[in-house]
Amino acid sequence: MPERTYNPQKQDINLFNTWQKEKLFHFNKESGKPIYSIDTPPPYANAPWHMGGAIHYSGIDMIARYKRMKGHEILFPMCLDRNGLPIEVQAEKEFKVSMHEVPREEFLAMCKQILDRVGDMILNICRILGFSNNSFDWDDVYKTDQEQYRALTQSTFIKLFKDNQIYEDNRPNNYCTRCKTTIADNEIDYRSGNHILYDIKFKVKETGEELIISTSRPELIPAIGVVIYNPKDNRYKHLEGKTAVTPIFEDEIPILPHHYAKMEFGTGILMVCAYGDSGDVQIFRELKLNPKPIINTDGKITDAVPEFEGLKIKEAKKEITKQLEEHGYILEKVDTAHNFPTCSRCGNDVEFLAMPEYYLKQVEYLPKLKEYADTMKFFPDFMKKVWVNWLNTVSIDWPISRRRYYGTEVPIWYCKKCNHPNLPKPGPYYQPWKDDPPFDTCQKCGTSEGFEGDERTFDTWMDSSISEIYISLHPHNKRDDDLFNQLNSRDYICDIRPQGKDIVRTWLHYTMLRGHQLYDKPAFNHAWISGHVVDRKGEKMSKSKGTAIYPEEMIEKYGGDSVRLYGAIEASHGSDIRFNQQRLQGISKFINKIYNIARFVSSFPSTASGEMELQPADEWILSELSQTIAESIQGYDVYDFNVPAKALRKFTIDLFASQYIEMVKGRAYNRDEAFSEKEQNAAHYTLHKVLNIMIKAFAPLVPFVTDFIYRGLHGKSVHTENFPDPIKIIKEKKFTELTDVLLESNSLIWKFKKDMKLPLNTPIKKAILPKSLEVFVLDLKTMHTVEQISSEESELDSEIKKFILVNGEKLIISL
RNA sequence: GGGGUGGUGAUCUAGCUCGGUUAUGAUACCUCCUUGACGUGGAGGAAGUCGGCGGUUCGAAUCCGCCCCACCCCA
C-alpha cells in the first residue's frame with residue numbers, strides 16, 4: 001500500500017467488478033448454511049434516486065452483509081419496480097402524449113424506454129455503493145413487469161378470485177379524469193388553494209320559505225340527493241322531512257338532519273351530491289340514497305342533464321353559475337381557502353365517480369392483521385404504531401383494478417353472450433386486451449360466441465405485495481419450488497422486509513394482507529423501517545425546489561464507503577437524516593484514517609516469527625477491542641447500524657490510533673533494541689490482530705476499503721469471513737479499568753510539552769507515573785521519551801511539573 | 001381535524017425507559033505542532049438558560065400538565 005491516501009475513485013469499482021466475477025454474493029441454497037431472505041424493495045424506475053434512496057438501500061445492504069458474516073446464506077435479489085401510474089405519467093410528460101390517444105403497444109414502448117434508462121442509472125448507483133445483492137446481471141435482476149413476475153401476480157389473483165376474496169362492485173370511488181382511472185385513497189394528495197363559495201337560493205316546497213345553501217360546486221345541483229343540516233341547529237329543525245326545490249332544475253329534494261353538516265360552515269345547511277367529495281359518498285352510502293351521477297369518465301356532463309350535456313366540469317360550472325346569477329339565485333360569493341384532493345401521480349383534481357371495479361377483501365382480515373402486528377418484530381419498535389394505527393382506520397376493501405396500460409393485466413375474458421367473467425388457469429402470463437382467450441366456450445353458459453378481454457390493469461401494489469413470494473420462488477429469476485417450500489415451512493414466508501416509513505400503510509400492509517390470504521401466515525418475521533433523508537431545513541428533498549442532492553456526485557467526490565458510513569453514523573435507525581455535505585466530507589477523512597492505520601500496521605510482519613509475550617498494553621487494547629465488538633454486535637443484531645458505526649469509530653480513533661499505536665511504536669520498531677524479541681513480536685501480533693478484527697467488524701458498513709485492505713493482507717475477501725466473536729479475542733479481559741487514567745495521563749504530558757512549546761519528542765529526564773499505570777511503564781517510557789522513571793519524589797530535580805489526576809493519583813515530570 | 005416522530009453549542013447527534021457529580025460524540029471554527037501510518041494528521045481551546053411556560057421533587061434534559069414549532073402519514 002504505497003499510496004498515502006485511499007482513492008475510492010480508483011479502487012471501488014474494480015473491487016465491485018471483482019466481487020461480481022468471483023460471484024461472491026450469489027445465492028446458493030446448497031451451501032448448508034441457514035437461509036436468510038431479504039425482501040429488497042424494488043426501486044421504482046421512473047426517476048433517478050436522490051440521496052435518500054442511496055442511504056436507505058445502503059442500510060439494507062448492511063443487513064445482508066452482517067447476516068452473511070454471521071453464517072447465513074443470503075437471499076437478496078436485486079430488482080426494479082416497473083409497473084404503474086408514475087411511469088405512465090412520466091412517459092406522457094416526456095413524449096408529450098396522452099396515454100389514451102396513442103395505440104397501447106406504442107405507449108408501452110415509450111414507458112419501457114424510460115424504465116430502461118432510469119433502471120440503468122439506479123443499478124449503477126448500487127454498484128458504486130458496493131451493494132452485495134445476489135447478482136447484478138440484467139437477467140438476474142428481477143423486474144416487476146417481466147412475464148414471470150406478472151404471471152405470478154395474475155395467478156394469485158386467479159386463486160383469490162376463485163376463493164371469493166375478490167368481487168366486483170359499482171361503488172363511487174376516487175377517479176382521476178386525466179389518468180382515466182380509479183385510484184385508491186392512499187394515492188391521493190391534498191393541494192391547498194382557494195375556491196368560491198356561492199350562497200344559493202333554494203325554496204322549501206311545503207312552506208314556500210327561502211333556503212340559502214352554500215356550495216363551491218353549483219354545477220352539481222342537478223345531482224343533489226339530499227339537503228342536510230346539523231341536528232343541533234335550531235335554525236333548521238323545523239325543516240325535518242320537508243322538501244327543498246332546486247333552482248333552475250326544480251328538482252324536489254328531501255331535507256334531513258345529519259351530524260356531517262357543520263353549523264358554522266356557510267349557512268349551516270348543505271347539499272349532498274353524487275358526488276362532490278368523500279363526505280358525499282359516505283352520506284349516500286349511509287342513507288342508502290339513489291345517486292344520480294352526472295359526470296362521466298372524461299370529466300364531462302352526461303345525458304342525465306340534457307341542457308348541459310357534453311360540457312366539461314369547469315365549463316358546466318361557468319354556465320350554470322351564469323344562469324343562476326341571471327335569475328338572481330346567487331346571493332353572495334366568498335373566496336375561501338380549501339384543500340383539494342388531487343391525484344398523487346398527475347396532480348389533477350380528483351372526482352368521485354361510480355365505476356365497476358374489482359375489490360380485494362381486507363376489512364374482514366383486520367383482526368388477524370392486528371394479531372400479526374403484535375407478534376411481528378419491528379425495527380425500530382415504534383414504527384409498529386404506524387401500521388396498527390392504519391389498521392384501526394381501514395373501513396373499505398381495496399379497489400385493485402385500474403384503467404391504465406402499463407401494469408399487470410386483469411386476466412379475465414367476458415363471455416359475449418352472458419357476460420360471465422371467465423378466468424384462465426393460473427400459470428402463464430395473460431394479456432386479455434390483445435390475446436385470444438385460452439378457452440373456446442363460456443364456463444357458465446357453455447356457448448362459444450366469443451369473448452371480450454378485460455382491458456384493465458392492477459393497482460401497482462397488487463404486484464408489489466407479493467414480492468416476498470416472488471423472491472422465495474425465483475432465486476436468480478429461476479423458478480425453484482423446493483426452495484419456496486423450504487422457506488414456507490417456517491412460521492413466516494420471508495425473514496425481513498426493509499422499507500421506508502412512508503409506505504408502511506401500503507407496501508407492508510398489502511403484503512401482510514396477501515401473505516395471510518394466500519398462505520395463512522405473516523409474510524415476514526421482521527420489518528425494518530427507515531426514516532427519510534431530508535434537506536438541510538428538514539424538508540423533503542425536491543427536484544422542483546432544487547433541494548434534491550444526487551448520490552452520483554457525492555460518491556464520485558467522497559467514495560461509496562463514505563456515503564454508506566455517513567448514513568449509518570448520522571442518526572439512529574428510524575430517524576430522519578438532514579443531509580449535510582460537510583459531515584460527509586468528515587467521514588471520508590475517517591475512511592482515509594482506516595486506510596492509513598492499515599498501511600502502518602502492514603509495514604510490520606504479520607506473523608511473529610518467533611515466540612512472543614503479550615505485554616499489558618497489548619492485553620489492554622485487545623480487551624478494549626473485545627468490548628467494542630460486543631457493543632457493535634448489540635447494534636448489528638437489531639439492525640441499528642448507528643451503534644456499531646459510532647462504537648467502532650470511537651475505538652479506532654480514540655483508543656487504537658491515538659493511544660495504543662503511539663504507545664507501541666517504540667516496541668514495534670525496536671530500533672535500539674530496548675525490548676526483547678518476544679516483546680517486539682507481541683506488538684506486531686497485537687497490531688495485526690486488532691486491525692484484522694476491526695476490519696471485519698467494519699466490513700458490513702464500509703465494504704470497499706475493508707476488502708481492499710483485507711485482500712492486501714490475506715489474499716482473500718473479508719466478506720466471506722465470519723464476524724468476530726468478542727470472547728475469542730482475548731482469554732481474559734484486562735486493564736480496561738485503566739483506560740481513563742491512561743488517556744488522561746498521556747494527554748497531560750502532551751499538553752505540558754505543548755504549553756512549553758516543545759516538540760513532542762523532547763526527552764523527559766525523570767518522571768513519576770500514576771501508580772496504576774505502572775504495568776504499562778516500558779511502553780509509556782518509550783512513548784514519551786522518558787529517560788528515567790522514578791518512584792520517589794525526592795529523586796526528582798527542581799524543575800518539575802506535578803499533576804493530580806481525577807482519581808487522585810500523581811503524575812510528575814521533570815525536564 | 002386525527003395519528004406518528006422530533007425540538008439538546010454554528011450544524012447534526014447521544015443521554016430520557018429507571019431524575020442525582022462538570023450534558024455525549026462528530027462536523028465546522030480558533031490557536032499551536034512536520035514525532036519513523038495518516039496535515040484527508042496531531043494537541044489544545046472556545047462554544048449549550050437541553051423549544052416555551054408551569055408543576056412534582058432536596059434535586060428535572062430526564063417524570064407530569066399546557067402551549068409553540070418542524071417533518072411524515074392519514075381524513
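The analysis underlying the following values was restricted to heavy atoms, covering all of them including side chains, and did not include hydrogens, waters or symmetry mates. A quick note: this is a predicted structure, and the numbers were derived from the prediction, not measured.
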query = Say you pick atom P in U13(B) and the same atom in G7(B); how far apart are they, in whole Å?
reply = 8 Å
request  = Anything under 30° is parallel, anything over 60° is perpendicular, the rest tilted; go ahead and classify His509(A) against Trp387(A).
outcome  = perpendicular
ask   = Does Lys753(A) reach the main-chain N or O of Thr762(A) with its side chain, forming a donor-acceptor pair under 3.5 Å?
value = yes
ask   = How would you label the contact of Tyr6(A) with the nucleic acid (heavy atoms, under 4.0 Å): base, sugar-phosphate, or nothing?
value = nothing
task = For the side chain of Asn592(A), starting at C-beta, report the closest nucleotide among U13(B), U40(B), G4(B).
result = U40(B)
key: Distance, rounded to the nearest Å, where His684(A) contributes NE2 and G36(B) contributes C1'   = 13 Å
Atom pairs, protein N/O to nucleotides 25-30 of chain B N/O, distance under 3.5 Å:
from	atom 1	to	atom 2	distance (Å)
A28(B)	OP1	Lys589(A)	NZ	3.3

ask   = Can a side chain N or O of Arg505(A) be found less than 4.0 Å away from OP1 or OP2 on C72(B)?
value = no
task = For G2(B) and C66(B), measure between their P atoms and round to the nearest Å.
result = 13 Å
ask   = Does Tyr372(A) have its ring centroid less than 6.0 Å away from the ring centroid of Phe524(A)?
value = no
Whole angstrom value for the distance that separates P of C33(B) from NZ of Lys751(A) = 15 Å
message = For His573(A) together with Trp528(A), are the ring centres under 6.0 Å from each other?
response = yes
ask   = Which one, C12(B), C74(B), C38(B), comes nearest to the side chain of Glu570(A)?
value = C12(B)
request  = Tell me what Ser747(A) touches on the nucleic acid: a base, only sugar-phosphate, or nothing, going by heavy atoms under 4.0 Å.
outcome  = sugar-phosphate
request  = Take atom C1' in G55(B) and the same atom in U62(B), then report the distance between them in whole Å.
outcome  = 15 Å
Whole-angstrom distance between U56(B) and C29(B), as gauged at atom P = 47 Å
task = Report the nucleotide, chosen from U5(B), C73(B), G36(B), that has the shortest atom-to-atom distance to any side-chain atom of Lys665(A).
result = G36(B)
request  = Tell whether Lys593(A) reaches the base of C38(B) with its side chain through a donor-acceptor pair below 3.5 angstrom.
outcome  = yes
query = Between Phe656(A) and Phe698(A), is the gap from one ring center to the other below 6.0 Å?
reply = no
ask   = Lys385(A) has an atom NZ; how far is it from atom P of G4(B), in whole Å?
value = 7 Å
ask   = NE2 of His532(A) versus P of U5(B): gap in Å, rounded?
value = 15 Å
remark   = Rounded to whole Å, CG of Asn746(A) lies from C1' of G42(B) at a distance of 13 Å
Aromatic ring proximity Tyr6(A)/Tyr595(A), centre distance under 6.0 Å = yes
query = Given atom CG of Asp502(A) and atom P of G3(B), what is their separation to the nearest angstrom?
reply = 21 Å
key: Distance-minimising heavy-atom pair for Leu701(A) and Pro644(A)   = CD1-C, 4.4 Å
task = Taking Asn642(A) for its side chain and Ile569(A) for its backbone only, find out whether a donor-acceptor pair lies under 3.5 Å.
result = yes
request  = Provide the distance between the two P atoms, one in G4(B) and one in G65(B), to the nearest whole Å.
outcome  = 13 Å
remark   = Stems in RNA chain B, runs of 3 or more consecutive Watson-Crick or G-U wobble pairs with both distances under 3.5 Å, sorted by first number, are B:1-7 with B:68-74, B:10-12 with B:25-27, B:29-33 with B:41-45, B:51-55 with B:63-67
message = Under 4.0 Å, heavy atoms only, any strand: does Ser572(A) hit a base, just the sugar-phosphate, or nothing?
response = sugar-phosphate
Asn596(A), nearest nucleotide to its side chain (from A37(B), G42(B), C12(B)) = A37(B)
key: Rounded P spacing from C18(B) to C74(B) in Å   = 33 Å
query = Expressed in whole Å, how much space separates the P atoms belonging to A47(B) and A10(B)?
reply = 11 Å
key: A61(B) and U21(B), which share atom name C1', separated by this distance in whole Å   = 16 Å
query = Asp535(A) has an atom CG; how far is it from atom P of U11(B), in whole Å?
reply = 15 Å
ask   = Could you state the CE-C1' distance from Met783(A) to A37(B), rounded to the nearest angstrom?
value = 15 Å
note = Per nearest nucleotide of RNA chain B, the residue lying toward the 5' end, Phe600(A) or Phe590(A), is Phe600(A)
ask   = Looking at Phe600(A) versus Phe604(A), is the centre-to-centre ring distance below 6.0 Å?
value = yes
key: Sequence neighbours excluded, every pair satisfying side chain to side chain donor-acceptor pair (under 3.5 Å) that has a member inside residues 660-669 of chain A   = Asp618(A)-Tyr660(A), Asp618(A)-Arg667(A), Glu662(A)-Lys665(A), Arg667(A)-Asp779(A)
message = Just so I know, are the side chains of Phe379(A) and His526(A) near enough to count as touching, which here means a heavy-atom distance under 4.5 Å?
response = yes
